[in-house]
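Remember, predicted model here, so these are calculated numbers, not experimental data. Atoms within a ligand are numbered from 1 in the order they appear, just like the ligands themselves. All heavy atoms count here, side chains included; hydrogens, waters and symmetry mates do not.
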Amino acid sequence: MKTTMQTETVTCGGCGAPLSIPDNVEYVACRFCQAQLHVQRNQSVVFTEVLQSLQKQTERLADNTDVLRLQNEIAMLDREWDQKSSELMIRGKHGRVSVPDKTSAVVGGIFLTLFGLFWTVMAGAMFPPMALFGILFIIFGVISCVKVHTNAERFETLQATHQHQRNELLNRLRQAEPRD
Ligand SMILES: [Zn+2]
């Protein structure tokens with residue numbers, strides 16, 4: 001519809017939204033659906049023709065939805081990984097966090113056990129009741145070795161699973177991403 005002002009209202013051929021455009025333009029992009037429109041004028045009617053095929057627009061929109069969904073899935077997977085892995089992390093002094101690994105589990109366990117043995121032998125020779133602490137050290141050494149070792153194993157499994165799932169999502173994301 002032409003108005004007396006220098007703008008006119010046309011209907012987007014892509015999404016049907018009413019667009020207010022200057023009455024001298026021939027090409028315009030819909031601000032709702034981004035369709036490239038060719039404004040056609042003849043004596044009585046003004047209408048728009050979508051230059052880019054609607055089909056392609058819909059495909060692109062679907063692509064974007066896939067991309068967004070995959071990006072969200074990756075973010076969720078990473079959050080899940082952060083949470084699960086931090087449960088298995090070893091918290092040292094000064095808030096230092098380290099990944100549990102099997103070697104340090106065994107080395108730490110052996111160290112504590114040897115210290116316990118040494119203590120037990122020494123205390124046994126000098127003041128037998130103190131030998132009890134040595135035995136506690138041995139028990140503590142074995143338990144912590146098993147615990148860290150188990151955590152290290154779970155950590156490795158989780159990490160492998162996470163990497164695998166993440167790579168799969170990344171591949172799908174690469175395929176879903178628009179090529180242009
Ligand atoms: Zn539109």
Side-chain angles (χ1 to χ4, degrees), residues 1-105 146-180:
M1 269 170 287
K2 268 199 180 219
T3 63
T4 49
M5 298 195 311
Q6 259 123 342
T7 62
E8 59 189 339
T9 301
V10 295
T11 302
C12 169
C15 68
L19 301 171
S20 187
I21 58 166
D23 66 2
N24 56 353
V25 298
E26 208 180 327
Y27 295 96
V28 69
C30 171
R31 61 192 167 92
F32 299 101
C33 71
Q34 274 74 49
Q36 299 294 312
L37 305 168
H38 184 198
V39 183
Q40 315 265 29
R41 297 177 176 88
N42 52 37
Q43 292 100 327
S44 54
V45 286
V46 182
F47 65 97
T48 60
E49 186 189 58
V50 180
L51 292 177
Q52 204 177 13
S53 81
L54 202 64
Q55 169 82 19
K56 202 173 166 217
Q57 289 245 332
T58 315
E59 267 171 21
R60 177 172 300 183
L61 214 65
D63 276 354
N64 287 340
T65 315
D66 275 353
V67 168
L68 281 175
R69 189 176 51 77
L70 286 165
Q71 281 170 342
N72 277 330
E73 270 182 53
I74 291 173
M76 258 170 61
L77 197 71
D78 284 347
R79 271 202 300 277
E80 207 182 307
W81 162 249
D82 278 350
Q83 200 215 325
K84 278 186 189 165
S85 62
S86 75
E87 280 168 16
L88 295 174
M89 293 282 204
I90 300 162
R91 263 159 202 82
K93 286 167 195 162
H94 315 298
R96 251 196 69 204
V97 184
S98 56
V99 173
D101 83 288
K102 289 176 182 172
T103 312
S104 57
V146 169
K147 201 183 157 216
V148 175
H149 197 277
T150 308
N151 277 357
E153 228 158 33
R154 281 179 61 203
F155 191 88
E156 278 173 18
T157 312
L158 263 175
Q159 192 170 38
T161 311
H162 169 75
Q163 275 305 325
H164 179 76
Q165 286 176 330
R166 197 176 201 279
N167 286 341
E168 222 161 67
L169 285 175
L170 278 177
N171 278 338
R172 278 164 59 197
L173 183 64
R174 238 170 264 135
Q175 280 160 18
E177 243 150 12
R179 270 150 205 86
D180 50 350

Chemist: Search all heavy atoms of D78 against all heavy atoms of H162 and return the closest pair with its distance.
Modeler: OD1-CE1, 3.2 Å
Chemist: What's within reach of the Zn ion (ligand 1), meaning protein N/O/S atoms under 2.8 Å?
Modeler: C12 SG, C15 SG, C30 SG, C33 SG
Chemist: Does the distance from a Lys or Arg side-chain N to an Asp or Glu carboxylate O, for D82 and R79, drop under 4.0 Å?
Modeler: no
Chemist: How far apart are the closest heavy atoms of P22 and E8, and which atoms are they?
Modeler: O-OE2, 4.0 Å
Chemist: What's the shortest heavy-atom distance between V148 and D101, and which atoms?
Modeler: CG1-O, 4.2 Å
Chemist: Would a distance-only check, ignoring hydrogens and angles, find a side-chain to backbone donor-acceptor pair under 3.5 Å from R172 to D66?
Modeler: no
Chemist: Give a yes or no on whether a salt bridge exists between R69 and E73, defined as a side-chain N under 4.0 angstrom from a carboxylate O.
Modeler: yes
